[in-house]
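Just below is one structure, and these are the notes that go with it.
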Amino acid sequence: MSKSDSKILVTNIQRMCFHDGPGIRTTVFLKGCNLRCPWCANPENISFERQTYEKDGHTGIYGRLYNEDELLDELMKDRVFYGKDGGITFSGGEPLLHLEKLKDVLYKLRKEGISIAVETALQVPKEIWYPFINMIDLYIVDVKILLPDKCKEILGGDINIYYENINQLCGNEKNILFRLPINKEFTFQTENAEAIMSFLSQHKDIPIEIFATHMLGEIKYQSLNKESIPIEAVSGMELENIAILIRKQGCQVNINSI
Amino acid sequence: MLRVNGNTPEDLLKLAVECISTGLGTPILANDEVIIPCLLEFGINEEDAYKYTTSACWEPLIGGKSVGNNNHTPLNYLRALDNLFKRDNLELVRDFDQLIDRYFFYLERNLKAVKRVIKSHIPTRDVLLSVFTYGCYESGKDVSQGGALYNNLGITSVAMGNTINSLLNIKKYVFDEKVYTLYDVKRMITSDYAEDEDALSLLKDTESYYGKDDKKVIALTQKIMDFVSDKLNYVEDGIEKKIKIGLSGSAYMEAARGFAASFDGRKEGAPFVVHISNEGNLAFTEITNFAAKLDYGDNRFNGNVIDLMINPDFINRNQEKFLLFLNGSIQTGFFEMQMNVVSSKDLIEAKKNPDKFPNLIVRVWGFSAYFNDLTEDYKEVLIQRALASEKRLI
Ligand code: SF4
């Protein structure tokens with residue numbers, strides 16, 4: 001493996017995050033994803049390569065390579081603020097695809113007693129992520145397109161892998177938080193919404209967070225010269241109604257308004 | 001003011017967050033964990049140190065037992081750098097270390113001037129104050145003759161932030177990347193960037209340094225603090241008095257009026273950086289870590305306040321997590337912290353239509369005031385800081 005192969009490609013490290021898991025967290029955005037969600041707010045995190053972009057007449061590069069020590073230095077800066085609940089959240093992109101490169105960082109964080117969470121779409125073959133299953137304290141798992149054909153067609157994903165992975169997490173009694181991106185065009189299109197409700201009713205003990213997908217990534221799409229797909233805004237009231245429906249299934253749900 | 005420490009009850013801190021989030025600007029938090037050891041090291045008795053309060057805005061004071069002005073005269077850290085560019089032979093300054101040496105040369109001259117100002121204030125007899133000050137009766141001396149138990153005085157300061165940012169910009173653009181020469185820097189600051197508007201955006205665009213938890217930035221700030229601490233530790237004005245220094249000061253606008261441009265992209269007359277603040281920080285934890293890593297020992301404890309601008313939505317939506325932030329901050333070891341919870345939208349509206357906002361309160365210096373009572377330039381500083389600070393919340 002060459003030097004840069006072992007480095008970790010990160011687009012952003014956000015400190016003092018209040019919304020990516022419990023406590024105060026530092027969120028690391030890893031570059032590279034195997035899905036193509038049309039509403040993705042971080043299009044710069046999809047390619048596994050560094051990318052040049054153009055914004056307001058300036059060019060720049062999405063993605064910075066970190067070696068383990070550089071990354072750890074950054075993650076340890078807010079150590080005191082993590083307390084017992086907070087810690088590090090690896091987001092992306094698809095963090096499960098980066099675990100192999102991250103394993104020493106994960107190991108050292110665990111040794112320091114720092115809690116680790118991932119924000120994952122969970123459509124990654126088991127052999128890639130399962131060896132690290134116990135390195136992660138909290139799995140924040142997307143629930144999005146569950147209809148098999150649509151999942152393949154819209155996301156480029158494989159729903160069977162997703163279900164298998166869910167079973168692995170549940171079987172190993174891992175901490176899970178479901179996260180539902182809500183939009184009318186895709187995730188809450190009638191048939192898929194029904195599939196989601198039925199799925200949630202089978203996992204009543206797993207807490208759920210819902211949020212409306214937004215167009216905050218628009219400027220990033222432009223900077224990468226990519227087309228974004230217009231998505232109608234979902235109102236606070238509509239979110240409330242969806243939360244009520246989910247609660248009726250006996251699930252515990254929160255609305256994330258960020 | 002609320003004095004806090006690692007054992008402050010959770011419900012009291014919660015109450016403080018609730019109060020702060022109303023936008024009243026109070027309470028300011030003072031961290032016993034850092035302040036009391038400084039007082040003890042300075043020679044204050046244990047019993048008195050544990051009863052400290054603050055005089056004026058931020059300067060720790062032992063009430064009823066000390067005399068001596070705690071905010072005597074503001075030291076302007078930028079003046080020495082300005083002197084350097086206007087008086088030195090820049091040809092002889094070959095690297096960054098030499099630049100710092102020359103900066104200290106002029107800073108020392110400035111400190112001598114500060115001492116002269118202090119000495120020019122001859123203390124006058126004050127029988128009434130002596131009656132109420134512990135030590136005078138016991139020693140049989142008036143306060144003006146050093147009768148009080150503690151006789152020391154303090155100076156405040158401004159523009160440490162501008163100085164650090166200017167110095168590190170010079171390091172980057174002159175010595176490391178060689179984009180400019182020292183003569184270019186001199187031209188820009190003496191002409192107020194008349195022909196160099198482009199450079200202005202570059203200098204401001206660059207990540208601001210002061211207030212980042214970066215080892216280089218912290219080391220340079222500490223080096224300057226230590227230099228001043230060493231050269232300005234006592235004065236003789238009839239009686240020998242120890243001098244205390246600090247990183248906060250209320251003159252960030254007055255002292256800046258008419259003061260030449262600086263190489264941090266600040267134009268002539270524009271306000272200096274407010275206390276320990278940095279609206280370019282991406283997270284509040286950055287500035288807290290920065291401030292906590294500075295050593296306030298010896299005599300460097302004359303008020304060192306972090307000043308945060310916080311959007312009301314942010315704090316109101318996240319009160320519980322904000323409490324975690326405060327707990328972490330106390331542990332990290334900040335000295336003092338004050339917060340302005342106000343949105344740029346309200347401030348801009350209030351500046352345009354004061355009648356609609358008769359009760360809008362903001363924190364200025366060490367106290368709160370009605371926004372409408374402030375002068376236009378103070379209003380503008382708050383608006384600009386609020387706008388810059390809100391960028392990080394997206
Ligand atoms: S899984 Fe996440 S990062 Fe990947 S495309 Fe979907 S929204 Fe974007």
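Scope of the values below: all heavy atoms of this structure, side chains included, with no hydrogens, waters or symmetry mates. Only a predicted model underlies this, so the values are computations on that prediction, with no experimental measurement involved. Below, chain A is the first sequence line, B the second, and so on; all start at residue 1.
Across all non-hydrogen atoms, the minimal contact from A:K31 to A:Q51 is NZ-OE1, 2.6 Å. For A:I114 against A:R79, the heavy-atom pair with the smallest separation is CG1-NH1, 3.5 Å.
Defined by atom type and a distance below 3.5 Å, a donor-acceptor pair is missing between the side-chain atoms of A:Y62 and A:N45. A donor-acceptor contact under 3.5 angstrom links the side chains of A:T26 and A:Y82, judged on distance only.
For A:E185, the side-chain contact (heavy atoms from CB on, under 4.5 Å) partners are A:N183, A:I231, A:E232, not counting sequence neighbours.
Looking at B:E286, the atoms closer than 4.5 Å to chain A (heavy atoms on both sides) sit in the backbone and in the side chain alike. Of the atoms belonging to B:S329, heavy atoms from both backbone and side chain fall under 4.5 Å from chain A. At a 4.5 Å heavy-atom cutoff, the contact between B:N289 and chain A is made by side-chain atoms alone.
Listed options A:G86, A:G23, A:C17 were ranked by heavy-atom pairs under 4.5 angstrom with chain B; first place goes to A:G23.
Of all residues spanning residues 334-342 of chain B, none has a heavy atom less than 4.5 Å away from chain A's heavy atoms.
Salt bridge A:R15/A:D78: present, at least one basic N to carboxylate O contact under 4.0 Å.
Side-chain atoms of A:N42 and A:N12, non-hydrogen and from C-beta on, never get closer than 4.5 Å to each other.
Proximity of the aromatic rings of B:F322 and A:F18 is defined here by a centroid distance below 6.0 angstrom, and this criterion is not met.
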